[in-house]
Amino acid sequence: QLQASGGGLVQTGGSLRLSCAASGSTFYLMAWYRQAPGKQRDLVASISSGGSTNYADSVKGRFTISRNSVANMVFLQMSGLRPEDTAVYYCNAKTLWGGDFWGKGTLVTVSS
């Protein structure tokens, strides 16, 4: 139901844009999580159907989440990337009736 894309290798200070296409339902909350090697999966940013956003402190001012509700897509614009941003990034979407869906993840590698 969720297909993420846009990951890759970038140098420190560079930018990447992740995209996630959702299908099969209407999602009230869409988000990006990330999981670095050996670490737990953490929330990066979320956006509600009304446009309210929430960011992890570590990415505030550098990452921007947005969504196209008509197309059922969510995006993560990442700028000022740092080596510590290296992780597998996962798209997540939740429905009002308890549905919780995950994409397969896309790898972002930031070289120093």
Side-chain angles (χ1 to χ4, degrees):
Q1 292 215 356
L2 300 178
Q3 183 68 43
S5 61
L9 174 64
V10 65
Q11 291 185 332
T12 296
S15 299
L16 280 175
R17 178 178 165 93
L18 304 183
S19 301
C20 177
S23 62
S25 190
T26 301
F27 304 101
Y28 85 95
L29 188 70
M30 301 186 79
W32 290 96
Y33 287 73
R34 68 186 180 187
Q35 187 168 18
K39 296 190 176 181
Q40 66 182 21
R41 189 175 298 186
D42 292 323
L43 176 68
V44 176
S46 64
I47 184 166
S48 71
S49 55
S52 296
T53 58
N54 181 48
Y55 294 93
D57 288 343
S58 59
V59 306
K60 283 180 181 176
R62 300 188 298 123
F63 292 9
T64 302
I65 190 170
S66 60
R67 68 186 288 175
N68 181 328
S69 294
V70 174
N72 238 359
M73 295 189 71
V74 63
F75 308 96
L76 186 68
Q77 179 66 48
M78 306 184 292
S79 303
L81 284 162
R82 305 166 180 168
E84 54 264 38
D85 295 317
T86 295
V88 177
Y89 285 70
Y90 296 90
C91 178
N92 174 263
K94 294 180 174 58
T95 65
L96 285 172
W97 46 92
D100 192 357
F101 302 95
W102 292 90
K104 285 188 177 181
T106 184
L107 177 63
V108 172
T109 303
V110 184
S111 63
S112 57

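One-based numbering along the sequence shown. The figures here come from the full heavy-atom set of this structure, side chains too, leaving out hydrogens, waters and symmetry mates.
Residues Leu107 and Ala87 share a closest heavy-atom pair of CD1-O, 3.6 Å. Heavy atoms only, all atoms of each residue included: Met30 and Val74 are closest at CE-CG1, 3.8 Å. Shortest non-hydrogen contact noted between Ser58 and Arg82 is O-NH1, 4.0 Å. In terms of heavy atoms, Ser25 sits closest to Thr95 at OG-CG2, 3.3 Å. Of all the heavy atoms in Leu29 and Ser46, the pair that sits closest is CD1-CB, 4.1 Å. Heavy atoms only, all atoms of each residue included: Trp32 and Ser19 are closest at CH2-O, 3.6 Å.
Gln3 CD: 12 or fewer foreign heavy atoms inside a 6.0 Å radius.
Neither Tyr28 nor Ile65 shares a network with the other; the hydrophobic side chains, linked directly or stepwise wherever heavy atoms of I, L, V, M, F, W or Y lie under 4.5 Å apart, form separate groups for each. Linking Ile, Leu, Val, Met, Phe, Trp and Tyr residues whenever their side-chain heavy atoms come within less than 4.5 Å leaves Val88 and Phe63 in two separate clusters. One hydrophobic cluster, built from ILVMFWY side chains closer than 4.5 Å, cannot hold both Phe75 and Val108; they sit in different ones. Residues Met73 and Ile47 are members of separate hydrophobic clusters, defined by side-chain heavy-atom contacts under 4.5 angstrom among Ile, Leu, Val, Met, Phe, Trp and Tyr. At a threshold of 4.5 Å between side-chain heavy atoms, the hydrophobic network of Ile, Leu, Val, Met, Phe, Trp and Tyr places Val59 and Met78 in one connected group.
Remark: side-chain polar atoms of Thr12 are paired, donor with acceptor, to backbone N or O of Ser111 under 3.5 angstrom. A donor-acceptor pair under 3.5 Å links the side-chain atoms of Arg67 to the main chain of Ser48, judged by distance alone. Put simply, the side chain of Thr86 gets close to the backbone of Val110: a donor and an acceptor are under 3.5 Å apart.
In this structure, the separation between NZ on Lys104 and OG on Ser5 is 13.5 Å, given to the nearest 0.5 Å. One distance of note links CG of Leu76 with OG1 of Thr106; it measures 11.0 Å at 0.5 Å rounding. Considering CG of Leu2 and CG of Asn92, their distance stands at 7.5 Å, rounded to 0.5 Å. In this structure, OG on Ser23 lies 5.5 Å from CD on Gln1, to the nearest 0.5 angstrom.
Residue pairs satisfying the ring pair (Phe, Tyr, Trp, His ring centres under 6.0 Å) criterion with at least one member in residues 77-112, sequence neighbours excluded, are listed as follows: Phe27-Phe101, Tyr33-Trp102.
Considering only residues two or more places apart in sequence or on other chains, Lys60 meets the salt bridge (charged side-chain N to carboxylate O under 4.0 Å, His left out) condition with Asp57.
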